[in-house]
Student: 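Have a look at this one.
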Amino acid sequence: MKPKAIVYTSNTGFTARYAKMIGEKAKLPVYEMAEAESKLAQGSEILYMGWLMASTVKDYRKAAKRYAIAGVCGVGLCDTGALLKEVRKINKIPKDAAVFTLQGGMNHEKLEGTYKSMIQVLQKVLSLKKNPDEGTARMIRLIHEGGDYVAEENIAAVMEWLNP
């Protein structure tokens with residue numbers, strides 16, 4: 001099953017940027033979740049993209065109730081391609097759906113409320129690690145300093161899946 005559209009949920013803009021980038025390259029329409037409900041029929045085949053929070057893809061379950069999910073792409077703080085097994089398991093993504101993770105970024109100015117507090121807790125927890133691996137060390141720096149890692153090279157696996 002190949003997607004006919006991309007549907008996404010974004011919190012600070014990184015997922016939205018990736019969705020638009022992939023949509024442009026794959027020549028697929030791109031819809032924010034609320035917009036998609038009026039533009040796409042129930043059961044439409046889609047690539048769903050959402051931001052990651054503790055390996056949970058935001059609004060994936062909501063999208064899965066409405067659409068046929070061909071692939072899922074979580075955008076978060078982790079390195080591109082990391083946590084694939086965890087994301088599949090935690091979100092209960094079927095084996096026949098592709099799963100991707102993309103490193104997005106951290107924009108402290110756009111974080112609000114509970115999410116801001118959760119990032120502060122995550123920063124404290126990660127800073128307690130004595131010998132973090134390279135990926136964790138990069139995540140710690142990203143959380144602390146902020147940054148933008150949205151890049152075309154990060155979508156290579158998604159594009160290969162869309163255009164084999």
Student: Apply side chain to side chain contact (heavy atoms under 4.5 Å, CB included) to residues Leu40 and Val7 and explain how you reach the verdict.
Tutor: CA-CA 9 Å; Leu40 293 175; Val7 176; 3.6 Å; yes
Student: Does Val150 reach the side chain of Met21, with side-chain heavy atoms less than 4.5 Å apart?
Tutor: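 Yes. Closest side-chain heavy atoms under 4.5 Å.
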Student: Once salt bridge (Lys or Arg N to Asp or Glu O under 4.0 Å) is applied, do any residues pair with Arg17, and if so which ones, sequence neighbours excluded?
Tutor: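 Only Asp148 meet the salt bridge (Lys or Arg N to Asp or Glu O under 4.0 Å) criterion with Arg17.
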Student: Could you give all pairs that pass the salt bridge (charged side-chain N to carboxylate O under 4.0 Å, His left out) test and reach residues 155-164, with sequence neighbours left out?
Tutor: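 Applying salt bridge (charged side-chain N to carboxylate O under 4.0 Å, His left out) to every pair that reaches into residues 155-164, excluding sequence neighbours, yields nothing.
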Student: Among residues two or more places apart or on two chains, list those pairs meeting side chain to side chain donor-acceptor pair (under 3.5 Å) that have a residue in residues 85-100.
Tutor: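 Non-adjacent pairs meeting side chain to side chain donor-acceptor pair (under 3.5 Å): zero.
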Student: What distance do Lys2 atom NZ and Ile46 atom CD1 have between them, rounded to the nearest 0.5 Å?
Tutor: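 Rounded to the nearest 0.5 Å, the NZ-CD1 separation comes to 14.5 Å.
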Student: Any ring-ring contact (aromatic ring centres under 6.0 Å, His included) pairs touching residues 69-100, not counting sequence neighbours?
Tutor: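 Matches after skipping sequence neighbours: Phe100-Trp161.
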Student: Just verifying a value: how many Å separate Cys78 SG and Leu84 CG, rounded to the nearest 0.5 Å?
Tutor: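 Spacing of SG (Cys78) from CG (Leu84) equals 8.0 Å.
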Student: Going by the rule side-chain contact (heavy atoms from CB on, under 4.5 Å), which residues pair with Leu162 if we only count those two or more places apart in sequence or in a different chain?
Tutor: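 By the side-chain contact (heavy atoms from CB on, under 4.5 Å) rule, Leu162 matches Pro3, Ile22, Ala26, Leu28, Val158, Met159.
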Student: Could you note down all residue pairs passing side chain to side chain donor-acceptor pair (under 3.5 Å) where residues 26-45 supplies at least one of them, sequence neighbours left out?
Tutor: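 For residues 26-45: Lys4-Glu45.
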Student: Working note: Leu52 + Val57, criterion side chain to side chain contact (heavy atoms under 4.5 Å, CB included); need CA distance, chi angles, decisive distance, verdict.
Tutor: CA-CA 5 Å; Leu52 288 170; Val57 180; 3.6 Å; yes
Student: Can you give me the closest heavy-atom contact between Tyr8 and Ala16, atom names plus distance?
Tutor: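 What the structure gives for the nearest pair is CE1-CB, 3.5 Å.
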Student: Taking only residues two or more places apart in sequence or in another chain, which ones pass side-chain contact (heavy atoms from CB on, under 4.5 Å) with Thr80?
Tutor: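 With sequence neighbours excluded, Thr80 shows a side-chain contact (heavy atoms from CB on, under 4.5 Å) to Leu102, Gln103, Asn154, given in chain and number order.
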Student: Scan for salt bridge (charged side-chain N to carboxylate O under 4.0 Å, His left out) pairs involving residues 65-78, sequence neighbours excluded, and state none if there are none.
Tutor: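 Passing the test, one end in residues 65-78: no pairs.
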Student: Among all residues two or more places apart in sequence or in another chain, which pass the salt bridge (Lys or Arg N to Asp or Glu O under 4.0 Å) test with Lys20?
Tutor: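 Listed in chain order: nothing, the list is empty.
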Student: Sequence neighbours left out, what passes side chain to side chain donor-acceptor pair (under 3.5 Å) with Lys25? Give chain and number order.
Tutor: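 Lys25 satisfies side chain to side chain donor-acceptor pair (under 3.5 Å) with Glu152 once adjacent residues are dropped.
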Student: For Tyr48, give me all partners under side chain to side chain donor-acceptor pair (under 3.5 Å), at least two apart in sequence or on another chain.
Tutor: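 Testing Tyr48 for side chain to side chain donor-acceptor pair (under 3.5 Å), a comparison that skips the adjacent residues, returns Thr9.
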Student: Do you know which two heavy atoms are closest between Ala19 and Ile6, and how far apart they sit?
Tutor: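 In this case the closest contact between Ala19 and Ile6 is O-CD1, 3.8 Å.
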Student: Does the pair Met33 and Lys62 meet the rule for a side chain to side chain contact (heavy atoms under 4.5 Å, CB included), with working shown?
Tutor: CA-CA 9 Å; Met33 180 73 117; Lys62 181 179 177 183; 4.0 Å; yes
Student: What about Met49 and Ile90, same hydrophobic cluster or not, with Ile/Leu/Val/Met/Phe/Trp/Tyr joined at side-chain heavy-atom distances under 4.5 Å?
Tutor: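 Different clusters: Met49 never reaches Ile90 through Ile, Leu, Val, Met, Phe, Trp or Tyr contacts under 4.5 Å.
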